[in-house]
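Report on the following structure.
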Amino acid sequence: MLHNVTEVSAESLRDTIAARFPQGYRFITLTCVDGGATWELLYHFDRNYELSHVRVRVPKGAVVPSISGIYACAALVENEVQDLFGVTFEGLTVNYERRFMLAVEAPLAPMVRTPVAQAAARAGEMRM
Amino acid sequence: MIFPFLKTLFLSLRRGPATRRYPRVVRTPFPGTRGHLVNDAGKCIFCGVCARRCPAGALVVTRTPAHWTLDPYRCIVCGYCVEVCPKKSLRMEPWHRRESGGARGQG
Amino acid sequence: MGTVMALFFVVVVAPLVGLVLNGADRVVTARLQGRVGPPLLQPLYDLVKLWRKEPLVVNRVQIGYVYLHLAFMVMTLVLLALGGDMVLALFAHAFSALSLVIGASSVRSPFSRIGAQRKIMQMLAYEPVFILLVVGIYLRTGSFMASAVGRLDAPLIVSLPLVFLAYLVALEIKLEKSPFDVATSHHAHQELVKGVTLEYAGPYLALIEVAHFYETFLLLGIVAAFFVRQIWLGVGVALVVYAGAIVVDNVCARLRTTWMVRCLWTVPVMLAVCNIIWLYVRRTQGG
Amino acid sequence: MEALIGSQGLTKMTRNELAVAVLVVLPLVGGALAWLAPWRWLRSAVVWLTAGLSAAAGVYAVTLLPFSVTLGSWHEVVAVVCELMLVGLVAYFAWDERGWLIVGLCAVQVGVLIFEWLEGAGQIPVIKDAVFCLDGLAGALVVIINVIGGLILVYATGYMKVHSCHGGGRGAREGRFFLVLTGFLGLMNGLVLANHLGWLSVFWEGTTLCSFLLIRHEGTPEARGNARRALLINVFGGVVMSLAGVVAQRGGAESLEGVLGSRLTVVFVLLCIAALAKSAQFPLQSWLLGAMVAPTPVSALLHSATMVKAGAYLVLRLAPAFEGSAVMDVIALIGGFSFAVAAALAVSQSNAKRVLAYSTISNLGLIVACAGIGTPLAYAAALMIVCFHAASKGLLFLCVGAIEQEIGSRDIEDMGSLLHTMPLTAGVTIAGMLTMLVPPFGMLMSKLMAIEAAIEAPLVVLLVIAGSALTVFFWAKWIGRVQTVSYHARYRLERMPRSMMGVLVVLCAMVLGGGLGSLAIYRQVIEPMALGAFPHAAEKAVAALRAAGQLHSWPILVFPLLAVIAWLVTVWRFNPGYVRLPYLAGENRDETELSYKFTSVKDEPVVAWATSLYFRRTLNEERITPWANLLAWLLVLSLLGVLGGR
Amino acid sequence: MAWSVHELLGRSPWFVHYNCNSCNGCDIELLACLTPLYDVERFGMLHVGNPKHADILVVTGSVNHRNARVLQNVYAQLPTPHVVVGLGVCTSSGGVFAGSYNVLGGVDKVIPVDVFVPGCPPRPEAMMDGFLRAVEILKRKSAGLPSAPAEKEVITVAPPSGPHAEESDAA
Amino acid sequence: MNNATTSTPRRTVIPFGPQHPVLPEPLHLRLVLEDEKVVEAQPAVGYIHRGIEKLAEVKDFQQNVFLLEHVCGICSFIHALAYCQGIEELMGVEVPARARYLRVVWSELNRLHSHLLWLGLLADAFGFESLFMQIWRARERVLDLEEQTAGARIMLSTCTIGGVRRDLSAEQVGQVLRGLDELEREFDMFVPVVIKDATVKERLCGVGVLTQRQAQELGAVGPVARASGIARDLRVTGYAAYGELGVNPVIETDGDCYARTLVRVRELYQSLLLLRKALRHMPDSPIAVAVKGKPEGEVVMRVEQPRGEVMYYLKANGTATLERVRVRTPTFANLPALLAILPGCELADVPVITLSIDPCVSCTER
């Protein structure tokens with residue numbers, strides 16, 4: 001089962017994670033889960049083999065602050081989530097503009113199970 | 001050290017080629033090797049458990065008419081069907097399945 | 001009559017010898033690696049096949065340089081066989097390689113172009129050795145004519161031992177063997193895919209291969225005919241040299257281009273220069 | 001021609017004197033007319049006519065050789081007056097450009113001239129040397145100057161038309177441009193023909209002035225600065241030459257012939273230093289690179305084919321007399337050094353005109369080196385380079401000019417796809433570069449001879465070998481870039497003024513024909529000249545000279561020819577179905593005129609590009625030049641050591 | 001004469017490998033074919049990295065949206081005659097990945113395939129069988145004979161007494 | 001006057017991959033070079049993206065074992081192991097001891113074959129073809145062992161939820177132990193070369209240096225991190241039978257390609273040691289327990305692959321299919337490190353450096 005989960009809001013996400021960086025936490029990865037009306041973003045960290053997680057729930061269509069400015073290595077995974085779930089990250093250091101994992105011809109945000117109308121509209125916007 | 005590989009080189013020259021000269025010399029597979037899937041028609045009861053469990057969707061079983069169909073170009077030879085087969089009619093043969101190609105019969 | 005025989009030999013027999021040598025190279029390499037390897041005549045099969053393939057090109061310009069590559073290579077051999085001027089032969093040989101370089105850089109594939117540049121770097125590395133060899137021969141014979149070598153009383157290896165050593169290293173480069181196979185190689189696995197020969201396909205690749213056969217013959221022929229001079233002993237030494245080159249190919253990693261140039265200019269070229277200085281000194285003292 | 005002039009009552013002049021007069025005066029007059037011409041077409045017509053006439057005169061003059069012209073003692077007065085006028089002009093321009101150092105040098109020169117005049121006034125030379133003479137060496141240069149120079153003039157008319165359309169020059173300036181450019185031919189002819197040191201000095205100074213004015217033509221700050229530098233270095237050369245005149249006078253010689261006869265080493269050394277300045281040898285090379293701001297015909301005419309050859313010519317002319325002396329060894333070293341270092345620096349350049357400039361320096365260095373080696377074979381090699389280099393390099397400059405006008409860049413890296421956009425020029429360029437590089441063309445053969453001739457001087461031979469290798473490097477890079485092309489079923493000729501196109505074709509044909517016939521030229525022309533220059537050469541040296549004539553055994557022609565024929569057949573029977581995109585790791589996108597694109601990050605197209613190697617870090621021009629100059633100055637100082645030894 | 005030339009033609013099949021959507025299993029088994037224990041150079045086979053030198057295009061894995069165009073590009077640069085060999089079940093159907101949003105299916109959706117080698121991954125022996133078959137096809141093609149694309153038969157088993165007792169594959 | 005030398009020179013732009021002989025996998029790097037010196041490297045991935053995470057939400061949790069095994073053909077068993085351990089933790093299944101030991105056996109065989117494969121490819125990347133041949137010849141012994149014990153060379157398919165699917169007889173254990181002895185003798189044929197050969201060292205030493213700080217900040221894992229002096233090896237946490245067997249991370253401090261090579265070479269011997277220990281001390285017990293019910297909840301499971309830490313995040317909702325399967329493979333974590341060390345190297349070093357992180361693109365893109 002999951003231990004050490006900190007729930008934060010999207011606004012305080014960056015601060016929380018910026019506080020972890022100097023403490024020697026290693027960023028493992030970011031998991032996005034389709035929670036129906038929301039996206040659940042789960043940031044996994046490791047320190048001395050001990051896992052800890054930061055969870056953010058944002059409504060679909062909202063913009064999520066990118067942590068790639070803090071953990072440079074997060075840029076790739078954020079791009080991947082952006083591709084597969086259609087989450088928009090703000091302040092990505094390297095932005096592939098949804099051409100990271102998926103080609104132009106591939107379906108948009110294929111991992112999303114329940115597309116919210118709002119999200120779809122936003123996705124359409126981005127495609128243009 | 002200069003050229004420490006020289007020794008190995010001449011050793012392998014002395015040992016001779018390690019090549020298994022397939023197809024001239026065919027090596028018997030180890031027992032238990034998963035080569036290709038075979039269904040013993042006599043034992044099969046066309047229950048469809050294998051088809052439901054197959055992770056690759058390579059098996060299709062219909063009760064009427066009683067057909068067990070394997071798409072060998074989809075089968076990933078994992079042996080899960082063999083494990084779940086209630087009648088043990090499925091088994092893995094150790095030899096690999098041959099390729100299909102356009103020149104068959106003429107070449 | 002002797003001239004006709006010599007010409008026939010270098011034009012017709014030389015590539016066949018080169019072909020068999022290359023086939024032997026592949027077999028020996030395979031055996032050293034613990035494999036069975038291809039048949040001895042595999043290069044012939046490759047040639048026949050390449051000859052029958054579609055001659056793919058990127059543009060029409062590059063084709064001319066393949067022909068030039070081969071033509072200059074044969075010319076080198078012919079010039080030497082006729083006992084002609086060695087500097088001219090040296091230039092012809094250099095331009096054979098250069099043709100390939102220019103041809104390879106006339107296409108837009110960056111791999112091919114970088115391969116071409118590396119080939120030039122190789123030339124910068126090994127050409128001094130060849131030039132010093134010619135200088136050394138001049139100092140021994142007092143003539144630039146290849147025919148003068150035949151009139152020497154002692155084989156060149158006696159008076160040019162250090163040049164010979166340098167020549168062995170240059171040979172390794174010219175045969176595109178490890179550790180110097182930076183521009184192209186007979187094995188595909190490298191950062192430049194196929195380097196110089198990347199954009200040549202089918203018959204054109206076959207021509208490049210034929211030129212390589214000529215070159216193999218030429219390089220080993222120089223060992224046999226210039227350095228050793230006694231024909232059977234020469235052939236023996238040449239074969240030993242070739243075998244050595246194959247072995248070195250198999251015990252080395254490929255090194256970087258810059259390292260190659262640095263290495264060549266520090267050790268072999270300097271060795272050869274020492275040898276040349278020694279000859280100069282001996283000449284001025286001995287009169 | 002004789003009849004024509006005869007009818008005007010000039011019959012008392014001999015043919016020889018007439019030829020000299022026509023060669024010197026005709027271009028000056030033509031230039032003046034071109035200056036005065038109110039319309040461009042008229043100006044072009046005048047220039048064409050002058051070019052044609054002087055080319056004819058040049059060829060005619062050569063049929064007369066050898067001859068010499070003596071004049072009454074009045075000519076010395078004329079020479080000094082001309083010289084003073086020229087120095088005055090130079091000083092005026094220098095004042096205008098705020099080149100105080102140059103003005104100072106001019107003052108020194110005036111002083112030297114007056115000193116010479118005063119000292120010479122008391123003496124009455126017993127034997128009068130010829131004032132002008134035309135021998136084989138001068139003849140070769142006269143042909144080059146007038147034929148190649150004439151072609152460049154014709155090209156220049158077309159070039160300047162396009163150039164001014166691009167806003168490069170204004171009408172009035174163009175008139176002056178052609179005045180200087182056309183008049184230059186006359187001065188250059190005079191320089192080559194002059195035997196009297198005074199006249200030599202006059203024409204020497206005249207070419208300096210021409211060069212200065214033409215470099216300054218564009219009027220930009222950069223052009224003015226570079227012109228000033230050129231003026232400074234060449235006036236320095238002029239001063240040294242005047243000094244040489246003084247010393248020669250004291251030694252009882254007043255002409256080149258006299259110097260040759262009396263073996264005045266000091267004069268020789270001074271003249272050599274003047275020559276180094278003119279031929280832009282290390283350490284005095286920097287002006288030639290700056291001179292590349294001038295319009296390209298200027299670079300072709302003055303700064304590669306003719307004027308810079310004057311220095312090499314002077315060394316060559318004097319060299320046979322000083323054969324075997326220590327001075328010659330140093331000269332050979334300076335030449336060889338320039339050859340190798342300039343070639344190395346050319347490798348690091350991507351600016352086409354700078355590459356050509358360095359290559360020019362390099363080849364001039366080889367000429368000087370050969371002159372310094374001083375064997376008949378070396379002398380022959382030097383002559384070969386003088387001829388073939390002038391033609392090939394002139395052609396290449398013209399090509400670069402045409403290319404620059406078309407693509408707006410002189411960067412080699414921008415010259416891909418030229419075979420498609422301007423097939424004729426690109427083809428001519430490639431042909432020109434191949435003639436600099438590949439057997440059986442003359443340049444390569446002369447390099448070969450240079451190596452064989454230098455074999456007895458270990459240090460020089462090393463430099464020559466290194467230089468040759470580096471030369472190959474930068475030409476190969478450039479050829480590769482120019483002929484980089486995608487497949488096109490058909491090619492359309494570029495639009496270019498007919499005069500330019502015509503000159504390119506004619507000059508290219510000459511270069512190719514001459515290159516292929518280099519053996520014949522060698523046997524018929526060069527070999528006798530070399531033998532003539534070294535009448536007492538050792539038997540072995542003559543044998544080497546003769547042997548070089550046998551170099552071109554049949555393989556050298558047959559095999560390249562076979563390759564070319566095979567290529568033509570392949571192209572003739574070419575099947576467009578065989579064309580594929582180049583290998584780009586499977587990510588080819590599309591093919592456009594100028595670039596191959598591959599699909600890359602974000603599925604976006606990216607241009608695949610491979611620059612050539614320039615070794616900008618290792619062969620850094622700015623870092624190497626000071627050291628090279630220092631070394632070269634040391635060599636020059638060791639030349640001056642001869643003066644101290646006296 | 002013609003026969004012997006074509007016989008020679010089959011003795012130097014050079015291959016280029018493109019990994020489409022493979023899990024590496026087939027790729028490393030393909031590389032294993034080059035190594036001492038299997039050594040396909042016995043048949044004159046060489047791994048050339050460049051499609052322009054290749055006679056055989058060896059594909060592993062299925063096709064996805066991004067690599068389809070690469071595969072087409074590589075295929076377009078092959079000189080004729082050439083043969084395409086698909087290694088592993090992914091090349092023929094997508095294998096275990098079939099049905100994913102980014103798996104278009106077998107390689108034959110994009111380029112014609114001459115030989116399919118089943119297995120996941122196929123053993124080196126199976127690959128060698130496939131290559132030898134490819135060589136046969138290569139010889140036919142260079143002789144100008146037609147060659148059908150590879151078929152993908154299914155194996156159907158019915159009760160022994162049933163009306164459709166057959167096994168369509170000789171295995 | 002010097003505008004040619006002062007203006008920024010044009011740069012070489014090369015597509016490195018996806019079809020490239022040096023990497024058998026399609027990874028695209030857009031390389032920008034200045035005279036063969038890399039100044040910029042940007043990757044493009046997705047050539048091999050199969051959408052496995054989505055597929056794993058469609059197939060049931062038992063089938064997923066086989067699906068996830070196909071994330072990567074090189075460390076197939078360990079992927080299955082990580083997934084099975086995750087499900088077992090969700091369902092509270094206690095795996096029998098023998099199964100845990102067997103899992104170590106196959107994990108280490110996988111590691112051996114992966115490291116040998118990598119060493120061979122590295123040798124190939126710097127043009128040492130015969131070394132490649134020699135190493136892959138040794139690797140065939142490992143594959144034979146895998147085939148002997150699991151019935152397949154690459155896709156072992158022996159891991160299952162609740163245990164393993166195959167047992168080893170005493171005779172097989174003996175065979176494997178003998179095979180390992182032979183393997184160790186094979187190692188002696190090439191390991192000294194990799195470690196001592198001057199040309200090899202010339203190509204590896206000082207190339208692609210990743211400092212400890214960089215490694216930490218960029219989240220490098222596995223041998224890449226260990227070669228930079230970070231003792232991070234998840235086997236220390238003692239999953240499967242590693243707790244009983246005891247593992248000490250192999251550490252080097254130089255952070256260059258040579259250090260990464262040394263780490264992997266030393267891990268070869270470490271694996272041999274672990275294998276022998278596991279085979280000798282394998283307890284007798286059933287090899288699997290029956291699994292009843294459906295998983296529920298979320299879990300993060302991490303195990304050590306040959307390339308480093310693999311992380312599985314599983315979210316189940318009590319049905320046969322899972323709600324989310326997230327795979328973070330080691331190469332994905334090492335990519336930022338690769339991109340950090342590529343600029344500044346020579347073009348000839350690009351394959352070597354790229355291979356030095358042992359990239360598994362198939363893993364990365366899933």
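Chain naming here is simple, since letters A, B, ... match the order of the sequence lines and numbering starts at 1 in each.
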Any side-chain heavy-atom pair of C/Phe91 and D/Ile451 under 4.5 Å: yes
Per-residue contact mode, C/Ile63 against chain D (heavy atom under 4.5 angstrom): both
Sidechain-backbone polar pair: C/Ser109 side chain, D/Tyr583 backbone, donor-acceptor under 3.5 Å: yes
4.5 Å side-chain heavy-atom contact, C/Val78 and D/Val558: no
NZ on C/Lys53 to OH on D/Tyr578, rounded to 0.5 Å: 12.5 Å
Heavy-atom check, side chain of C/Tyr65 versus side chain of D/Ile479, under 4.5 Å: yes
Flag side-chain contact, heavy atom, 4.5 Å: C/Ile102 against D/Gln483: yes
Close side-chain approach of D/Pro555 and C/Thr76, heavy atoms under 4.5 Å: no
pair C/Arg113-D/Thr611: side-chain heavy atoms closer than 4.5 Å: no
Interchain contact, C/Ile120 with chain D, by part (heavy-atom threshold 4.5 Å): side chain
D/Pro560 side chain near C/Phe72 side chain, heavy-atom distance below 4.5 Å: yes
Engaged part of D/Leu561 at the chain C interface, taking heavy atoms whose separation is under 4.5 Å: neither
Under 4.5 Å from a heavy atom of chain D, the part of C/Leu68 involved: both
Gap between atom CZ of C/Arg108 and atom CG of D/Leu581 - 0.5 Å precision: 11.0 Å
Contact origin within C/Leu56 toward chain D - heavy atom pairs under 4.5 Å: both
Spatial distance of atom OG1 (D/Thr570) from atom OH (C/Tyr204) [nearest 0.5 Å]: 5.0 Å
Separation between CD1 of D/Ile455 and CG of C/Leu139, rounded to the nearest 0.5 Å: 6.0 Å
Atom group of C/Leu77 that falls short of 4.5 Å from chain D, counting heavy atoms: neither
Atom pair CD1/CG of C/Ile276 and D/Leu462 - distance to nearest 0.5 Å: 9.5 Å
Pairwise distance CZ(D/Phe473) to CD(C/Gln117) - rounded to 0.5 angstrom: 7.0 Å
Part of D/Phe574 lying under 4.5 Å from any heavy atom of chain C: side chain
Region of D/Leu562 in contact with chain C, defined by heavy-atom distances below 4.5 Å: neither
Flag side-chain contact, heavy atom, 4.5 Å: D/Val472 against C/Glu127: no
Contacting region of C/Val107 [heavy-atom separation from chain D under 4.5 Å]: backbone
Region of D/Leu419 that comes under 4.5 Å of a non-hydrogen atom in chain C: side chain
